[in-house]
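Each ligand, and each atom within it, is numbered from 1 in the order the structure gives. As a basis for the values below, the full set of heavy atoms in this structure was taken, side chains included, without hydrogen atoms, waters or symmetry mates.
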Amino acid sequence: MYVCLCHGFTDGDVRKAIADGCRSVAAVYRHIADRPQCGKCVPDVRSMVNGQGVAEAASEQGNCCMTMALTEAAA
Ligand code: FES
């Protein structure tokens with residue numbers, strides 16, 4: 001699932017960055033895309049860095065678009 005539309009990276013890309021040793025949001029962006037553009041994906045990346053999945057983060061943040069995509073994907 002896409003996490004960042006500006007740079008086109010996915011939750012798998014973030015997981016790989018974390019597996020490669022990135023332990024902060026800034027490190028993940030440096031690893032994948034240099035830095036955020038609009039910043040809308042930062043909370044999701046932060047949640048993943050903190051050990052939380054994107055689905056949980058989307059639901060906690062009330063991210064309706066992401067929650068809808070996850071709901072549709074699960075159906
Ligand atoms: Fe990631 Fe805009 S959605 S920087």
Side-chain angles (χ1 to χ4, degrees):
M1 175 177 67
Y2 280 98
V3 171
C4 176
L5 296 180
C6 293
H7 293 294
F9 65 77
T10 65
D11 55 333
D13 296 321
V14 175
R15 275 195 214 91
K16 183 176 181 330
I18 294 168
D20 288 346
C22 298
R23 295 292 178 260
S24 69
V25 172
V28 168
Y29 280 98
R30 277 194 302 271
H31 190 77
I32 297 175
D34 190 31
R35 65 179 125 168
Q37 288 185 5
C38 75
K40 288 184 178 178
C41 55
V42 170
D44 295 328
V45 172
R46 180 177 299 119
S47 294
M48 294 182 75
V49 168
N50 291 335
Q52 190 178 31
V54 172
E56 293 87 355
S59 126
E60 283 180 11
Q61 295 164 14
N63 185 334
C64 61
C65 296
M66 191 173 290
T67 303
M68 279 177 41
L70 291 170
T71 303
E72 290 170 7

Quiz item: Residues in side-chain contact (heavy atoms from CB on, under 4.5 Å) with Ala33, at least two apart?
Solution: His7, Phe9
Quiz prompt | Pairwise distance SG(Cys6) to NZ(Lys40) - rounded to 0.5 angstrom | solution = 8.0 Å
Practice problem: Taking all heavy atoms of Val28 and all of Cys22, pick out the closest pair and write down the distance. | Solution: CG2-CB, 3.7 Å
Quiz item: Is it true that the side chains of Ser47 and Asn50 contain a donor and an acceptor less than 3.5 Å apart?
Solution: no
Quiz prompt | From OG1 (Thr10) to CD1 (Ile32), nearest 0.5 Å | solution = 7.5 Å
Self-check item: Protein N/O/S count near atom 1 (Fe) of ligand 1 (criterion: distance under 2.8 Å)
Solution: 2
Quiz item: With a cut-off of 6.0 Å (strictly less than), are more than 12 heavy atoms of other residues, nucleotides or ligands near CZ of Arg23?
Solution: yes
